[in-house]
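Shown next, in structure tokens, is the structure this report addresses.
The first residue of the sequence shown is numbered 1, and numbering continues consecutively from there. One-based numbering, in listed order, for ligands and for the atoms of each.
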Amino acid sequence: MPRFRISLPSAMLVLGIESSCDECSAAVVADGREILAQVIASQDDLHAPHRGVVPELASRRHTELIVPVVTACLARAGTSMDDIEGVAATARPGLSGSLLVGLSYAKGLALARGLPFLGVDHIRAHLYAPHLHFRDDPKPEPEPTYPYLGLLASGGHTVIARVDSFDSVQVLGTTVDDACGEAFDKVAKHLGLGYPGGAALDALAETGDPWAFDFPDPVLGAGHRPFDLSYSGLKTAVANQREKFRRPDAEDSPANVAASFRRVAISMLVSRVRGALNEQGLHTLAVGGGVAANRLLRRELSAATQAGSLRAHVPPFSLCTDNGAMIAGLANGYLDRGDRSPWSLDVSSRVPVFRAVGG
Ligand code: KG4
Ligand code: ZN
């Protein structure tokens with residue numbers, strides 16, 4: 001591959017590694033903004049027969065993939081490790097075995113090359129993703145200006161947060177049980193749509209009647225924040241109590257179930273987001289996670305944008321799902337001001353209480 005000049009001559013180049021679940025990804029990012037290259041190796045084929053991610057298999061596959069993924073990424077970027085000025089990896093939250101592969105590899109690489117190393121928080125990284133663009137994108141979307149509301153809706157997380165800067169994130173609401181994407185996947189499994197079935201369910205929902213079933217949006221009781229949400233009741237209603245919620249003249253067809261489930265699942269997100277925007281006096285929203293691909297969600301966001309009530313930033317799909325670029329991009333801010341993670345940094349499967357260094 002020919003080497004070429006990096007477009008930002010004095011840019012800091014950070015290598016970011018993401019291995020928190022079932023995507024093994026690496027990216028080289030300049031100045032926390034411009035992606036020189038990104039490689040994402042999906043493991044969907046490995047986990048599909050089990051209809052869910054098998055942690056032991058995921059970590060073993062990361063072990064096989066990590067070197068080829070990083071090597072290919074550096075080559076695609078036209079860089080070598082000699083050009084890299086910092087190495088970052090996801091430290092939390094995620095599957096411990098998967099996280100350990102990326103984090104340990106990143107530490108080893110940084111140690112061997114005498115480079116600064118940073119372990120970062122995966123949720124903060126998702127919320128940072130709208131600041132990134134690909135070097136070869138002729139017309140990158142403008143990045144959001146702080147402060148903004150972040151919505152992360154993925155297979156593993158559902159988080160609504162106020163974002164004041166790359167290192168200042170205040171969580172306003174989360175799911176209290178299943179993640180939004182997880183609920184899509186479980187309902188898809190129930191309808192026999194394969195794994196992960198969120199996209200297939202979304203496509204099927206386009207053909208159904210969203211009002212065929214009046215599924216519930218549960219009101220969460222005391223002890224919960226106003227922007228928390230819950231998917232387990234909706235999932236159970238779809239799986240076990242459909243008849244109770246069916247409009248008498250509506251057919252109990254997979255398309256009608258999919259459309260009705262999707263209407264409620266997405267309206268839960270949209271109603272919490274609207275409430276949080278109002279409460280915080282914000283007009284900008286940045287969306288991340290695989291559910292950002294959802295057609296109904298996108299239609300609702302673009303309608304709100306056109307009505308002038310909202311400015312929604314939805315990055316390209318490869319930056320919405322798990323990716324190395326968001327790790328490198330977020331790490332840039334910390335590394336640039338001299339923050340370093342200790343070599344003893346451990347992984348954590350838990351969603352963090354946000355702290356100062358490295359998230
Ligand atoms: O961000 P991501 O990679 O999740 C995690 O790794 O945690 O996104 C994958 C999730 C899956 O749950 C998938 O079913 C869901 O995003 N997803 C969708 C759509 N496309 C992907 N959910 C709803 N509608 C879609 N179009
Ligand atoms: Zn994620």
Side-chain angles (χ1 to χ4, degrees), residues 16-25 38 40-44 46-48 51-55 58 61-62 89-95 98-99 102 120-129 150-159 161 174-175 178-191 193-206 208 210 231 234-235 258-259 261-270 287-301 314-327 329-330 349 351-352 359:
I17 293 173
E18 155 63 33
S19 71
S20 66
C21 188
D22 61 338
E23 258 96 32
C24 188
S25 178
Q38 169 163 273
I40 303 176
S42 160
Q43 303 184 4
D44 280 352
L46 179 68
H47 301 287
R51 300 197 199 164
V53 176
V54 183
R61 182 61 67 88
H62 280 302
T90 313
R92 64 182 170 272
L95 301 171
S98 291
L99 286 166
V120 303
D121 178 89
H122 183 86
I123 310 255
R124 280 175 190 261
H126 270 298
L127 297 174
Y128 180 85
L151 167 66
L152 166 60
S154 71
H157 308 286
T158 311
V159 177
T174 59
T175 178
D178 292 347
C180 183
E182 185 183 2
F184 269 87
D185 291 337
K186 286 179 176 168
V187 171
K189 183 170 163 181
H190 182 74
L191 295 175
L193 298 174
Y195 172 85
L201 190 154
D202 186 25
L204 181 63
E206 292 287 302
Y231 281 102
L234 173 59
K235 185 191 64 188
F261 162 78
R262 183 182 69 166
R263 174 180 59 77
V264 180
I266 296 302
S267 89
M268 276 191 210
L269 293 179
V270 172
V287 187
V291 181
N294 189 269
R295 297 168 209 207
L296 179 60
L297 179 61
R298 284 177 171 259
R299 283 201 290 270
E300 300 249 340
L301 294 179
V314 187
F317 191 60
S318 64
L319 297 180
C320 282
T321 53
D322 291 349
N323 66 85
M326 67 182 189
I327 304 303
L330 175 64
S349 58
V351 176

Query raised in the report: Who gets closest to atom 19 (C) of ligand 1 by heavy atom: A179, G155, C320, A199?
Result: A199
Query - Option set L297, T321, L296, criterion heavy-atom distance to atom 3 (O) of ligand 1, minimum - result: T321
Query raised in the report: Relative to the Zn ion (ligand 2), which of the N, O or S atoms in D322 is the closest?
Result: OD1
Report task. Examine ligand 1 and decide if any of its atoms is less than 4.0 Å from a heavy atom belonging to E23. Result -> yes
Requested in this report: Please lay out, stage by stage, how E206 and R262 fare under the test salt bridge (charged side-chain N to carboxylate O under 4.0 Å, His left out).
Outcome: CA-CA 10 Å; E206 292 287 302; R262 183 182 69 166; 2.7 Å; yes
Requested in this report: Taking only heavy atoms of G181 into account, list the atoms of ligand 1 that are under 4.0 Å away from them.
Outcome: 12 (O)
Report summary line: Here the atoms of ligand 1 under 4.0 Å from any heavy atom belonging to G289 are 1 (O)
**Report entry** Per-residue contact class, N294 against ligand 1 - non-hydrogen pairs under 4.0 Å
**Finding:** both
Query - Part of D202 with heavy atoms under 4.0 Å of ligand 1, whether side chain, backbone, both or neither - result: side chain
Requested in this report: Look at the rings of F261 and F184 and say which category their plane angle falls in: under 30° parallel, 30 to 60° tilted, over 60° perpendicular.
Outcome: perpendicular
Requested in this report: Return yes when at least one N/O/S atom of H122 is nearer than 2.8 Å to the Zn ion (ligand 2), and no when none is.
Outcome: yes
Query raised in the report: If you round to the nearest 0.5 Å, how far is OG of S25 from CD1 of I327?
Result: 8.5 Å
